[in-house]
Amino acid sequence: MNRRRFLASSAGALAGCALPRLVLAATGPGLIELDAVKGQAELYGKEGKLSDLWLYNGSLPGPELRLRKGETLSVRFTNRLDEPTSIHWHGIRIDNAMDGVAGLTQPPVQPGESFDYTFTVPDAGTFWYHAHTMSWNQVPRGLSGVLIVEEETPFVPRDRDLTLFLSDWRLDEEGVLITAGLGSMHDFSHAGRLGNWLTVNGQSRPDIPVVRGAWHRLRLVNASSARVLDLEPSRFGAQLLALDGQALPALRKVEGPVRLAPGQRMDLVIKPEGDLPIPFELTTGQPFVFARFLPRDAAAGAADDDLPALPAPNALPEPNLANARELPLEMAGGAMGGMRIMMQRGLDPQALMADGKFWIFNGAPGSLETPMFKVARGESVVLNVSNLSGFPHAVHLHGHHFRVLELNGTEQDPADWHDTVTLEPEDRARIAFVADNPGKWLLHCHMLGHAASGMTGWFEVA
Ligand code: C2O
Ligand code: CU
């Protein structure tokens, strides 16, 4: 067996914002241990009090897992919480049995029990892992972390490969996580559980040291339960390198905001110049600086002026549009008039609400009992997604990546792959993928409260 290469993030070089070290408590060659445990951390500023959290190996965010494209990850996961849980490896085109969806691909891991996850990673890029059992309760308490799959040849040296793991928290006046109201009907039927504070790698407004004149890769992950983040990379001279883990064929300069929905990733490149701290901020709603880059001089000879060779895009199967199976995905329900459509579809909103269901997929709340559709392995699928509700939704597909062919009739960049796409109210999107991965795959809104109250369905590839 190969020795695995799970490396901790280099604690020294990035003391300001280093991710927690992965504790290599291997029980056998190549096996790492992840335990879901109760723990505490400070979420708000220096004066903030400790919050009670649920964490992987006691660290916030969970340990940074790194391996190389094509390698195998072996995790012995142990549940040391008081309720069942499981881990989903978001964005990985994974073996279905390892997808971590309790009730669909595995039984939930009961308190005190373990489950072994073993899978190979076909694509290089930025991915993440999070709880997928009652995720509306477990993710906003801290159960998430980054999973990085390195290219054969790293784009930049490790100390310039920076993860920004973004988490949205609902804090009280003392900066302590509010857990009362998790799972409230109000959050489920509106925009989901929105927080009031954003941490970066579990820290409050960190200063991130960067090397002046050198290229850096920033790996942004939106681990929020419901908050959509709009960022404007051009404001600090950044360009897009990858979306949802998949490298673009060329660097892309984008003017204006780029949307990062819950679950999505965005890789940027920057070459910081000048002296001032460079504010890294959200650009819509209340402008909010959530981190600052602090340029410092390189040790002699360390900076390189030339853009390094870009990572090659992963080889994903191209959908065959001439032959594709066209299927609808109509999303409706929720507050602000969404119940009207439920009635038009012949449903009784009162009865559904009494059952904790506020949302419907194709005329009914999704269920784990029966698939929404079945497709033959290798078939191309076009999903015609429409948002008939008054809230945005982040449609996420497990086990596959898709093209967004059109959004509201406008053609989208044909080079991009996604595993999640945001639809604002009244939006319509056509998305296409090859159903090449056998098994039972979830299709859900990544606003976790929506997923729990009707917006979760699945399809079978056989
Ligand atoms: Cu991050 Cu079901 O997903
Ligand atoms: Cu939603």
Side-chain angles (χ1 to χ4, degrees), residues 61-62 85-94 96 98-106 108 126-140 143-147 165-167 187-194 221-228 244-245 259-265 329-336 338 341 357-361 365-366 368 385-402 418-427 429 437 439-459:
T85 184
S86 59
I87 305 182
H88 170 58
W89 313 91
H90 182 123
I92 303 289
R93 296 188 297 136
I94 201 171
N96 188 244
M98 298 291 122
D99 200 38
V101 181
L104 189 68
T105 65
Q106 66 168 91
T126 305
F127 303 96
W128 66 301
Y129 60 99
H130 61 81
H132 216 301
T133 300
M134 294 186 280
S135 52
W136 55 271
N137 185 42
Q138 300 187 357
V139 174
L143 287 174
S144 59
V146 72
L147 169 57
F165 195 83
L166 310 173
S167 312
D187 287 348
F188 279 16
S189 60
H190 290 71
R193 187 174 172 89
L194 297 174
V221 181
N222 185 354
S224 306
S225 297
R227 183 168 299 281
V228 175
D244 284 357
R259 173 142 294 185
L260 201 60
Q264 290 198 284
R265 287 85 61 219
L329 180 65
E330 185 195 85
M331 307 186 291
M336 317 291 283
I341 291 174
K357 304 293 185 207
F358 301 100
W359 305 96
I360 53 174
F361 267 179
L368 291 186
V385 192
S386 51
N387 180 2
L388 307 185
S389 81
F391 294 91
H393 301 291
V395 177
H396 171 50
L397 197 61
H398 281 216
H400 300 79
H401 284 242
F402 53 80
H418 298 275
D419 59 43
T420 307
V421 62
T422 315
L423 275 83
E424 295 292 332
E426 296 179 23
D427 275 0
N437 199 348
K440 298 174 173 182
W441 299 107
L442 223 55
L443 173 58
H444 67 93
C445 177
H446 221 285
M447 278 74 171
L448 301 174
H450 295 174
S453 55
M455 287 197 149
T456 297
W458 58 283
F459 62 100

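For ligands, and for the atoms within them, numbers begin at 1 and follow the listed sequence.
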Q) Which atoms form the tightest heavy-atom contact between Leu388 and Ala332, and what is the distance? A) CB-CB, 4.2 Å
(Q) Distances under 2.8 Å only: what protein N/O/S atoms are near atom 1 (Cu) of ligand 1, ordered by chain and residue? (A) His90 ND1, His130 NE2, His446 NE2
Q | Protein-derived N, O or S atoms lying under 2.8 Å from the Cu ion (ligand 2), waters excluded | A | 3
Q: Identify the two heavy atoms, one from Ser86 and one from Gly100, that lie closest to each other, and give their separation to 0.1 Å.
A: OG-O, 2.7 Å
Q.
Minimum heavy-atom separation for Lys440 and Asn96, please, with both atom names.
A. O-ND2, 2.7 Å
Q.
Tell me every residue that passes side-chain contact (heavy atoms from CB on, under 4.5 Å) with Ala452, counting only those two or more places apart in sequence or in another chain.
A. Trp136, Phe188
Q) At their closest point, which heavy atom of Ile94 faces which heavy atom of Asp99, and how far apart are they? A) CG2-OD1, 3.4 Å
Q) Side-chain donor-acceptor pair under 3.5 Å between His398 and His444, yes or no? A) yes
**Q.** Pairing residues for Ala223 by the side-chain contact (heavy atoms from CB on, under 4.5 Å) criterion, not counting sequence neighbours
**A.** Trp128, Ser144, Phe165, Ser167
(Q) Taking the six-membered ring for Trp, are Phe361 and His393 closer than 6.0 Å centroid to centroid? (A) no
Q | His90 and His396 aromatic ring geometry - parallel, tilted or perpendicular at 30°/60° bounds | A | parallel
